[in-house]
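Residue numbering restarts at 1 for every chain, and letters A, B, ... go by the order of the sequence lines. Side chains are part of it too, since the values below use all heavy atoms of this structure and drop only hydrogens, waters and symmetry mates.
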Number of protein chains: 2
Amino acid sequence: MTKTDHTPSIDRSSFEPAYAQLVNILHGQIASGLFRPGGRLPSESQLCRRYQVSPMTVRRAVNILVEQGLVSTSQGRGTFVKPMKLSTVMFGLDELRSVFDGNARNKVKLLEVSIVKAAEDVASRLDLHRGARVILIRRLIHKEAQPILYHREYLVYDPTRPVVEAEMEVTALHGLFAGTGETSLKRGELAIDAAVLGDEEAHLLMAPPGLPCFRLEHLFYDFDDHPLSWGVFFCRGDLIRFRATVGLSDRARQRGRKPGGRT
Amino acid sequence: MTKTDHTPSIDRSSFEPAYAQLVNILHGQIASGLFRPGGRLPSESQLCRRYQVSPMTVRRAVNILVEQGLVSTSQGRGTFVKPMKLSTVMFGLDELRSVFDGNARNKVKLLEVSIVKAAEDVASRLDLHRGARVILIRRLIHKEAQPILYHREYLVYDPTRPVVEAEMEVTALHGLFAGTGETSLKRGELAIDAAVLGDEEAHLLMAPPGLPCFRLEHLFYDFDDHPLSWGVFFCRGDLIRFRATVGLSDRARQRGRKPGGRT
DNA sequence: AAGTGGTCTAGACCACTAT
DNA sequence: TAGTGGTCTAGACCACTTT
């Protein structure tokens, strides 16, 4: 839908706030090539006059473009269109999150919940001494009735809380992705490695040993900055691929068309 | 000396803007556990009185926290601390960018620049007919004098531009990561797969065939939305690992770092 | 009705850059 | 000196939620 680029203007009776409309206008003008990478945008005072909005509103729109990485500002010089930059690409875990979307065919199967003595690697990660008791949880996650993820996790053992609650973690895993529940975690460190399935993982995932896979390691901390959980996800590489875009993505144009829009 | 967390206040003579100071104060209070996940922050009018700043300044600070994913706002209800959410994790390519940091021991070696006829896969990706002429570029990227990346790229052949310029792409590869130069690209689509090195890649990377690796595929478009470049990076999995953090990262706590916080 | 977030104004003052 | 971005004010009005 090509809207008239001749005289774009702010519609004060729209739901879309003025600053958002201005963001879309400028974004479109950059995407259309009106402002080229390295080129300069009109000054903020010019934009104020051009679109009949206050300086703060223009400022807010420009700030959003800066945060989106489309332009950069330089005090006393102006606002410039940034060239595409590969190193700004960000990959999310949307592909994994979709496994926990509540689809009935996406199941989390609990393989094991037990208390074990921490080996060297586990102890050092969880800041415990070797041989300390930890809770081992092993899960198999199915997507569309097919095993796709194998999760092995070690939790610090808290005698004040019954182990049964650890089973609740099955749902907590949902929450970790969805953002509900589990309020005792402050932060986490993650890493993704390239690997191949070992015999154990291959058997559980019903895949041939040696199959390329992603190895997603996680370490979660509580609000006292003590490690609480260390674990690894093994993801079948043939079923998961991480995607991202960089630069001016075409879609994502005016989103947020609310139903029942009053004029 | 630790800064008194009892009565944090805005320092108007500071170089740090008021809104940024307020962001840090609130961030610190959330990280310290004063406001727990699910809990409510003071209302904006309370914050105005508490810190003696105008509504717009408070609003800006809160907006930044929202963008950072630390809190969420609900009109008419208040501002609430968000629990940690795994699906918000974002992985960058910092690990790859460091290869192009200008270190003399990080070299890009050009293996091949030639004009070839596009095979089926190349043609479909670049929106050409099979057999069309394309420029094939093969590069080997070293980090610390060790081969770490193998890049195979296909460019649409533009008769109006001499092939020699394609060689300039060696430097353009730097620019792609650094953000300098190459202003003809509008956007790109990327994907990461888990894979293992084939014989060709293994030989070039001086690694055993079958070694786990990341396969980073890219497709770049120009401002007319025509594909310009399709290629693949093969990254030795034993030398590269992607990291990310989620939740309240221990970033610049300024002087507020508490020493010896044990038990 | 009271309180909350959300938008916006019409200026002000400052720091920086170019001429 | 003139123009640029950067911060900030002290309100206003609106939409929404709770009591």
Side-chain angles (χ1 to χ4, degrees), chain A residues 9-26 30 35 38-82 254-263, chain B residues 9-26 30 35 38-82:
Chain A
S9 62
I10 306 292
D11 175 10
R12 309 316 287 249
S13 65
S14 166
F15 279 107
E16 202 175 17
Y19 74 88
Q21 292 184 49
L22 187 49
V23 166
N24 285 335
I25 289 173
L26 294 174
I30 293 171
F35 304 125
R40 222 193 67 179
L41 259 58
S43 76
E44 300 191 357
S45 61
Q46 284 175 320
L47 292 174
C48 286
R49 290 193 296 274
R50 171 72 182 78
Y51 296 102
Q52 293 293 299
V53 290
S54 74
M56 276 295 273
T57 301
V58 167
R59 200 91 251 298
R60 187 168 179 180
V62 171
N63 270 338
I64 289 174
L65 292 175
V66 169
E67 287 154 15
Q68 290 180 352
L70 267 76
V71 305
S72 63
T73 55
S74 176
Q75 190 170 148
R77 301 205 304 129
T79 302
F80 303 86
V81 180
K82 287 172 68 171
Q254 54 263 36
R255 190 70 50 194
R257 268 290 170 247
K258 284 148 188 152
R262 295 188 321 217
T263 317
Chain B
S9 61
I10 306 292
D11 176 10
R12 309 314 289 249
S13 67
S14 169
F15 164 70
E16 203 177 15
Y19 73 88
Q21 293 184 47
L22 187 48
V23 165
N24 285 336
I25 289 173
L26 294 175
I30 293 171
F35 304 125
R40 223 193 66 180
L41 258 59
S43 76
E44 301 191 356
S45 62
Q46 284 175 322
L47 292 174
C48 287
R49 291 192 297 274
R50 172 73 182 78
Y51 296 103
Q52 293 294 298
V53 290
S54 75
M56 276 295 274
T57 301
V58 167
R59 196 95 250 298
R60 186 168 180 181
V62 171
N63 270 338
I64 289 174
L65 292 175
V66 170
E67 286 154 14
Q68 291 180 350
L70 268 77
V71 304
S72 64
T73 56
S74 176
Q75 189 171 145
R77 300 203 306 127
T79 302
F80 303 87
V81 179
K82 287 174 68 172

- Query: Roughly how many Å is it from CG in B:L22 to C1' in D:dT7, rounded to a whole number?
  - Reply: 14 Å
- Message: So A:V62, base contact, sugar-phosphate only, or nothing? Heavy-atom distance under 4.0 Å.
- Response: nothing
- 5' precedence on DNA chain C between A:A18 and B:Q46 (nearest-nucleotide basis): B:Q46
- Who pairs with A:R49 by side chain to side chain donor-acceptor pair (under 3.5 Å), at least two apart in sequence or on another chain? none
- Message: Rounding to an integer number of Å, can you tell me how far A:L26 CG sits from D:dG5 P?
- Response: 12 Å
- Query: Between D:dT7, C:dT4, D:dT9, which one does the side chain of B:R60 approach most closely?
  - Reply: D:dT7
- Query: Atom CZ of B:R12 and atom C1' of D:dT7: how far apart are they, to the nearest Å?
  - Reply: 10 Å
- Message: With a 4.0 Å limit, can you tell me whether B:S45 has a side-chain N or O closer than that to the phosphate oxygens OP1/OP2 of C:dG3?
- Response: no
- Message: Using the side-chain contact (heavy atoms from CB on, under 4.5 Å) criterion, which residues pair with A:T79? Sequence neighbours excluded.
- Response: A:L41, A:V62, A:V71, A:T73
- Message: Rounded to whole Å, please give me the gap between CG in A:L65 and P in D:dG5.
- Response: 13 Å
- Note on the structure: Heavy-atom contacts, protein to nucleotides 10-19 of chain C, under 4.0 Å, summarised as B (base), S (sugar-phosphate only) or - (none) per nt, yield BB---BBSS-
- Is any side-chain heavy atom of B:D11 less than 4.5 Å from a side-chain heavy atom of B:Q21? yes
- Query: Can a side chain N or O of A:S43 be found less than 4.0 Å away from OP1 or OP2 on D:dT4?
  - Reply: yes
- Message: Tell me every residue that passes side chain to side chain donor-acceptor pair (under 3.5 Å) with A:R40, counting only those two or more places apart in sequence or in another chain.
- Response: none
- Message: Heavy atoms from C-beta onward define the side chain here; which of C:dT9, C:dG5, D:dC8 lies closest to that of B:T57?
- Response: D:dC8
- Task: Please list, chain by chain and in numerical order, all residues satisfying side chain to side chain donor-acceptor pair (under 3.5 Å) with A:S54, sequence neighbours excluded.
- Result: A:T57
- Message: With a 4.0 Å cutoff (strictly under), does any side-chain N or O of B:Y19 reach OP1 or OP2 of D:dT7?
- Response: yes
- Nearest whole angstrom, please: distance from the C1' of D:dG5 to the CG of A:L47. 12 Å
- Message: Applying side chain to side chain donor-acceptor pair (under 3.5 Å), can you list everything that pairs with A:S9, at least two apart in sequence or on another chain?
- Response: none
- Roughly, in whole Å, what's the span from CG in B:N63 to P in C:dC8? 12 Å
- Provide, to the nearest angstrom, the distance between the CD1 atom belonging to B:I10 and the P atom belonging to D:dC8. 9 Å
- Note on the structure: Rounded to whole Å, the CZ-P distance (A:F80 to D:dG5) equals 8 Å
- Output, in order, the C-alpha distance, side-chain angles, deciding distance and verdict of side-chain contact (heavy atoms from CB on, under 4.5 Å) for A:V81 and A:L70. CA-CA 6 Å; A:V81 180; A:L70 267 76; over 6 Å; no
